[in-house]
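Structure first, then comments.
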Amino acid sequence: GKNNDNGGNASPSAASPSKAAESPAAGKMYIPIVSKGFQHQFWQAVKIGAEKAAAELNVEITFEGPETEAQVDKQLEMLQVALDKKPTAIGFAALDSQASIPLLKKAQDAKIPVIAFDSGVDSDIPLSTVTTNNANAAGIAADKMAQLIGGKGEVAILAHDQTSRTGIDRRDGFKNRIEEKYPDIKIVDIQYGADHLKATDLAKAIMQAHPNLKGIFGTNEGAAIGVINAVSELKMEGKITVIGYDSGKAQIDAIKSGLMAGAVSQNPIGIGYETVKAAVAAAKGESVEPIIDSGFVWYDKTNIDNDEVKAVLYE
Amino acid sequence: MSQTVVRMEGIDKQFSGVQALKSCRFELRAGEVHALVGENGAGKSTMMKILTGVYQKDQGTIEYEGAEVQVPDTRAAQKLGICMIHQEMNLAPDLTVAQNIFIGKEPRKTFGLLLDDKAMNKQASILLKQMNLDIDPTTPVSKLTVAKQQMVEIVKAISYDSRVLIMDEPTAALSETEIEELFRMIRQLRQKGVGIVYISHRMAELKVITDRVTVMRDGSYIDTMPTADITVDRIISLMVGREIYQPAKPDRQSAERSETVLEVRGLTRKNVLKDVNFTLRKGEILGVAGLVGAGRTETARAIFGADPIDSGDIFVHGNKVRINGPHEAVKHGIGYLTEDRKHFGCLLDMDVKTNVALATLGKFRNRAGWMNDRRMAKVSNDVVGELKVKTPSIRQNVRYLSGGNQQKVIIGKWLTRDCDILIFDEPTRGIDIGAKSEIYKLLESLAASGKSIIMISSELPEILRLSHRIIVMCEGRITGELPNDEYATQQRIMTYATDRIG
Amino acid sequence: MKQATVPTAGTDAAQKPSIAFKSGLQQLLAFGSLILLVIIFSVASSNFFHFSNIVGILLSTAVIGVLALGSTFVIITGGIDLSVGTVMTLSAVMTGVFITMWGVPIPIGIIGGMLTGALCGFLSGFTISRMGIPPFIATLAMMMIAKGLSLVISDSKPIYFTEYEAFIKISLGSFLGDLIPGFDIPNAVVVFFLAAIVGSLILSKTIIGRYNFAIGSNEEATRLSGVNVRNWKIVIYTITGLFTGLAGVLMASRLNSAQPALGSGYELEAIAAVVIGGTSLSGGKGTIVGTVIGALIMSVLTNGLRILSVKPEWQTVVVGFVILLAVFADIIRRRKA
Amino acid sequence: MKQATVPTAGTDAAQKPSIAFKSGLQQLLAFGSLILLVIIFSVASSNFFHFSNIVGILLSTAVIGVLALGSTFVIITGGIDLSVGTVMTLSAVMTGVFITMWGVPIPIGIIGGMLTGALCGFLSGFTISRMGIPPFIATLAMMMIAKGLSLVISDSKPIYFTEYEAFIKISLGSFLGDLIPGFDIPNAVVVFFLAAIVGSLILSKTIIGRYNFAIGSNEEATRLSGVNVRNWKIVIYTITGLFTGLAGVLMASRLNSAQPALGSGYELEAIAAVVIGGTSLSGGKGTIVGTVIGALIMSVLTNGLRILSVKPEWQTVVVGFVILLAVFADIIRRRKA
Ligand SMILES: Nc1ncnc2c1ncn2[C@@H]1O[C@H](COP(=O)(O)OP(=O)(O)OP(=O)(O)O)[C@@H](O)[C@H]1O
Ligand SMILES: Nc1ncnc2c1ncn2[C@@H]1O[C@H](COP(=O)(O)OP(=O)(O)OP(=O)(O)O)[C@@H](O)[C@H]1O
Ligand SMILES: [Mg+2]
Ligand SMILES: [Mg+2]
């Protein structure tokens, strides 16, 4: 409802940032956040965090991202538009670490501070990068998997995307950790499921193809839910160890009910919050940390109700 | 005198700038066959489409059985008992005969929820029997010959129990025997008191089947009179408002000794052509007669490479040629004017210039490969002048030309290509008497200038009038060949045309 | 003598049995491809031909299959519906809104979801037949509108049905399994086959189906026969929408949630299934059985390739080739016929 | 008397000037919509009508615009090409392979990328005209095959051109800016307009264009006029492929990388641009100018909505409505004509 008004009578709100740029003291700061997506839960949670910081710091933000994480070009167009709105600062989660560099140079020339989030850019233009190490987090998932299946057996990865940074990092983080540390565990299949429905059918096929499968790692909410659905549809509860990534109501429920052993979650709300906070600081000319680690948690039945875990999870 | 069922008065109709009808009128009595005649574009179809609710009149009144009525759509017309068999084929080819006949009034069962196909097929076969047609009602229409499709349309129209039946050129696709059958049906209906509007360009039919004639010209009503009281020549002059060229029989000797330009040997195509052999000489018009479905079009298409053949040889100027498609046929100097002008003949939405140049576009390129529009315009202007095509300019879309002029444009296309051998498939189908005679003139002058012509026609008078030599086909075979001398009569041709095996 | 007046009667009569045979053959061809695929995969992997995997294939066919059933109708009219993917999602979202937010009883919520689909279909049909917008464009616009609205209405969040156990049963329960122990065919599969039967009845036994073929075969002739083509087209698009809505309900129930960002691209899969099943994109020809088989071919293929652990990028390539082959085989058959 | 024998001559003559006028009006209508959008957005936001934003709009039109140019050709034949999105990607990937892996000189790599697109177009054209597969299906299959192959060839990783500065210049350099200081129009935009001019010349001045319209207007009549329609269709699909390949090169250069997963769904945007530009999906009618305007309308709209910070989900809805409106306006105009 509120944001809607934002779009509806946009002329005043669009006018204010430009004024803000001219005389920061006069109006609110305007910080567009160009994300990797907006439809998925993870990005919605980032948005919540960003909005929270915006409210606290009394700045105005907009949040947008392309439909899929493949649309590098659309994201660049969004970044371009964001720059043309003469913002005070920009938050940017690059889909591709290099493609955006020419535009970021433009931002630099225009003296618009850029804060990178989620994953970095191959450039020193962003004053700060708010991120978690996806590969490390996936490594933790691998350790947990190994522990839960007793250090040997077949496992599979159901990744959410074949080409996006997050998809690759999580897949490879898991895979490399298994290959390095657990010689008796074999990754028998890696498949990619784009949405919840496709992921469900995919996970079922993986389980059919590998009757001895002991565990599956789903690399985002959609993939993890797909695995959970598959396990319950095939009535394999307890026979397959499911490890997920991200949070969301369905995963939290599944962990509570025991369907899922546990999951790694980044702190998307924290990412959004820290990004806006750093952007405001940078705009005010304060110094910001070059890397802000927003952290991640491993959560399972045992710790899901802990406050520090709860703070990271989103429904 | 029987009572008047339909009276249309002061009908005006305008199509985006074209005044198709100008305070036109028409009257139909119960139990009469009323001919509606006029040149192409005179407004006959439009007038009847207004009566059946396809178009809405701009002005005027329609009275039905004495009371003024509005006809907002075809359904309303059907309810009144007015039904029309349209000029263009109006069946759904993927549906069966019965489904087509009963479209819009399907028998239902189970509280009207489900279709009762059994009842439908039964009723359909009764209707077909009544009309003496041996067609299985469950056959898909696409499997029927054109003639039978036409019959099915008639049965469909009759099935509405109409008081008024409009037939827009029902015989255009029929040949003599089918026409006889159609006339039998018409007489049967007339007996029952149905009023029939009969639109046709075939003047000879009027005397045979119609009771009165209404003549239209240029969107206006000219006159109505009893057929018995008037000569065909008078009708024609009312229609066109001028004299018509009546061609004499050709000079048959001229082509006798000239060289053979095309020879066809053993042309065979599964189910449609069986061992077709004939020759064509320089400067000759070879008439091809036969009933509808005899395989004449198939022969032409096979020679032209439009359809693949199973076996047989074609010799052009004595050389054996292999023709794998129309693009190869034209290389050997063969041109083909299709029987279906609108669908296969011209690009309706493109202008005269493009249509004339279509077969020869490659010639209109300059060295850089650019199209030379000026030369194209010049050539098509020449064609328009030479063939007397009535068009405001060569930029006019062919859609807006009358049928005869469309046909001339297509002829112009092949003349531009400079083909030695021209195959004309029903060159005068749906063309008014004035345009017809001009096309006859054209064919004769083409032959005189050394072109060789195969002319397929279902109108025997036309064949007899123009051909030097006649071949007759039946069921995919050539059943007879005769020189067009005093012994060549309609009777003899019909004997060959019905010369079936067994 | 009769022979003389009806010249080709002989050939027509002779053709008839062969037509019936051919139409059998058509089903046989697609069905044959399906069997062939099943055999190939069964030989290639011992894990393929298992009850649970077959059930899995059937279940994965259900949603896309119901979409394809709906698409069959518009495709037979010679039209197309590009919006089925996102309208399915919108229907799922609306089902979620009805049941979880408005708290209506589940059956009414389901009907509401289906009617959402029907409404979208109605609107597409309206723009097509009343405003004269070509189906491709009208449904492309509807696709975008439905996509956006799904996100707007759900506030870009999934709507969960966790508290509505009964709703989940619609897809994943098995009343057949309750009747016959061990025969655990999920309800979604049963619903799919029931929908196919209903669709088949509509197409072959009702006036809607008759006009559907008539319009696809020759729209102008149908109109001139006094059929209100414009209205019937709206009806037909509405039916497609109704099936699409059903697919949305099935999907929501299967995922236990309405996922607002899902559905783009499903329309092409549905159309592919319809065409593989022998329905012609130019209209006038098609069967529901064909579509069912087409949808099964698609999901057997996807499942089989996954069971064989073919790399996903190669899976796409193989599916592309199979679509080409299937349609080409159909064309060859027709050319011969 | 002449009046009587040449009934429609007078009226036709009267029509003629109005026809010419109308054809002007057609361009005017689409162009008018474009201007209207620009005015609306300029009024609504002070950030819209700035040089850098206008350049941004032009730049974002370039890739999709070139795709749309290519699509115009097949659409005028009455066909469709659903593969342009993924073939564009495949061309980008192949450009990357040629330049960065095989180390061929940049210009040759670019030609290689364009020829990749042309080859895909050729294959689509071949399956359509030789195997008789409907364009929708043939190009759907090509879409999947190209999508899979892009991933296979690139090993699912972007291919970077970082070491090839000159390559990036193709899109983002500005030789106009070098000539006229301050006039920094990126080369991609110039390439787009050049491509439009070339396309327009092909369509209006060469025999390919003539056959293109003739086939779209009445394929069978064209064939029966002795035109080798099958071969010309292959040529036309190949041209579409060539433009698609060019779009791929532009995309790669703009992103400084070949992104192998990009491109799905772009075909629909391209088709929408073509149709908004007044080209008819049923073939025989269309202009390149229209397509350019259509593509600009699409990107002005997207950009404007973003400038106004309209929520992305509402953006989709609005674009859907605008497509409907634009096509409807065109239909109304034609009906009046
Ligand atoms: N739908 C239409 N739109 C525009 N003009 C039309 C339309 N239908 C008919 N006309 C025009 O109206 C006039 C009368 O056409 P109509 O079809 O009634 O002629 P007709 O007498 O039936 O000719 P024919 O003998 O060739 O069938 C012609 O000039 C024709 O071009
Ligand atoms: N589509 C078809 N399917 C099956 N048989 C066909 C088909 N078209 C034509 N035929 C058959 O081919 C034979 C020859 O038809 P063709 O059209 O060549 O006849 P024609 O003598 O040219 O008649 P017309 O006067 O209609 O041109 C007929 O027996 C007809 O039944
Ligand atoms: Mg007429
Ligand atoms: Mg014929």
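Protein chains get the first letters and strands the later ones, always in sequence-line order, with residue 1 at the start of each.
- A 4.5 Å side-chain heavy-atom check between A:Ile101 and D:Asn256 finds every atom pair outside the cut-off.
- Distance check, rounded to the nearest 0.5 Å: NE2 of D:His50 to CG of A:Asp84 gives 8.5 Å.
- One distance of note links OH of D:Tyr160 with CG of A:Asp122; it measures 7.0 Å at 0.5 Å rounding.
- Atoms CD and OG1, from D:Gln259 and A:Thr163 in turn, are 7.5 Å apart once rounded to the nearest 0.5 Å.
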Problem set entry | A:Gln98/D:Thr162 under side chain to side chain donor-acceptor pair (under 3.5 Å): CA gap, chis, key distance, verdict | CA-CA 8 Å; A:Gln98 301 193 10; D:Thr162 320; 2.6 Å; yes
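- Contact annotation for A:Gln80: only side-chain heavy atoms (C-beta onward) come within less than 4.5 Å of a heavy atom of chain D.
- A distance of 11.5 Å separates OG in D:Ser264 from CD in A:Glu67, rounded to the nearest 0.5 Å.
- When all heavy atoms of D:Pro312 and A:Glu64 are compared, the closest pair comes out as CG-CB, 4.3 Å.
- With a 4.5 angstrom heavy-atom cutoff, D:Gln315 touches chain A only via side-chain atoms.
- Residue D:Leu305: no heavy atom, backbone or side chain, is found under 4.5 Å from chain A.
- The side-chain heavy atoms of A:Tyr30 and D:Ser309, taken from C-beta on, include a pair separated by under 4.5 Å.
- When each of A:Leu95, A:Leu76, A:Asp96 is tested with D:Leu255 by the rule side chain to side chain contact (heavy atoms under 4.5 Å, CB included), just one qualifies, namely A:Leu76.
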